[in-house]
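Here's the structure we're looking at; comments come further down.
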Amino acid sequence: MLVSCPVCEKERKPTKGFLSALSAPARRALEHEGILSADQLSAYTEKDILKLHGVGPASMPTLKKKLSEKELKFKEP
């Protein structure tokens, strides 16, 4: 895994969209999977997302909130 410096990571952080609300590890994990929008995120179950390295239980409330703002939710298992 490529690790960047904190300054570079701050410059890379999106200023809008659901990825902007996440920690760098969680954001990188989703980006690595090609999940760049709430619509794409809604195609996954919570369990699928929690399996990603960098996404933990602390990220789930933020992800659920961002989905809810778009009237979306995680895919049912």
Side-chain angles (χ1 to χ4, degrees):
M1 178 174 87
L2 179 64
V3 177
S4 60
C5 73
V7 173
C8 298
E9 197 60 47
K10 187 174 182 182
E11 290 174 0
R12 237 178 116 282
K13 183 174 183 173
T15 56
K16 59 183 178 177
F18 88 102
L19 291 174
S20 65
L22 299 173
S23 67
R27 186 178 71 248
R28 284 192 304 263
L30 294 175
E31 288 172 337
H32 179 75
E33 290 295 313
I35 303 170
L36 305 176
S37 71
D39 287 328
Q40 290 172 323
L41 179 63
S42 70
Y44 293 82
T45 66
E46 288 183 52
K47 189 174 178 179
D48 292 335
I49 297 301
L50 285 169
K51 287 180 185 176
L52 301 177
H53 180 75
V55 180
S59 300
M60 296 313 288
T62 302
L63 291 173
K64 287 179 183 179
K65 180 180 178 198
K66 292 299 179 181
L67 285 172
S68 173
E69 289 171 1
K70 299 275 187 175
E71 297 183 5
L72 298 169
K73 60 183 178 179
F74 282 106
K75 180 179 166 183
E76 294 295 321

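For the single chain, residues carry numbers from 1 onward in sequence order. Predicted, not measured: the structure shown is a model, and the values here were computed from it.
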* More than 12 heavy atoms of other groups within 6.0 Å of E69 CD -> yes
* Charged N to carboxylate O under 4.0 angstrom, E31 versus R28? ->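 Salt bridge: no.
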* Close side-chain approach of K70 to D39, heavy-atom, < 4.5 Å ->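 No, side chains not in contact.
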* **F74: which of T45, I49, D48 passes side chain to side chain contact (heavy atoms under 4.5 Å, CB included)** =>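 Going through the options one by one, the only one that passes is I49.
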* For L63, which of I35, L22, L50 qualifies under side chain to side chain contact (heavy atoms under 4.5 Å, CB included)? ->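 Only one option passes, and that is L22.
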* Asked: Looking at V55 and A29, what are the two nearest heavy atoms and their distance?
  -> CG2-CB, 3.8 Å
* Considering all heavy atoms of both residues, which atom of K66 and which atom of A21 are nearest to each other, and what is their separation? -> CE-CB, 3.6 Å
* **Distance in Å, F18 CZ paired with Q40 CD, rounded so as to fall on 0.5 Å steps** =>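 Answer rounded to 0.5 Å: 7.5 Å.
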* Distance from K64 atom NZ to E46 atom CD, nearest 0.5 Å? ->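 CD of E46 is found 4.0 Å from NZ of K64.
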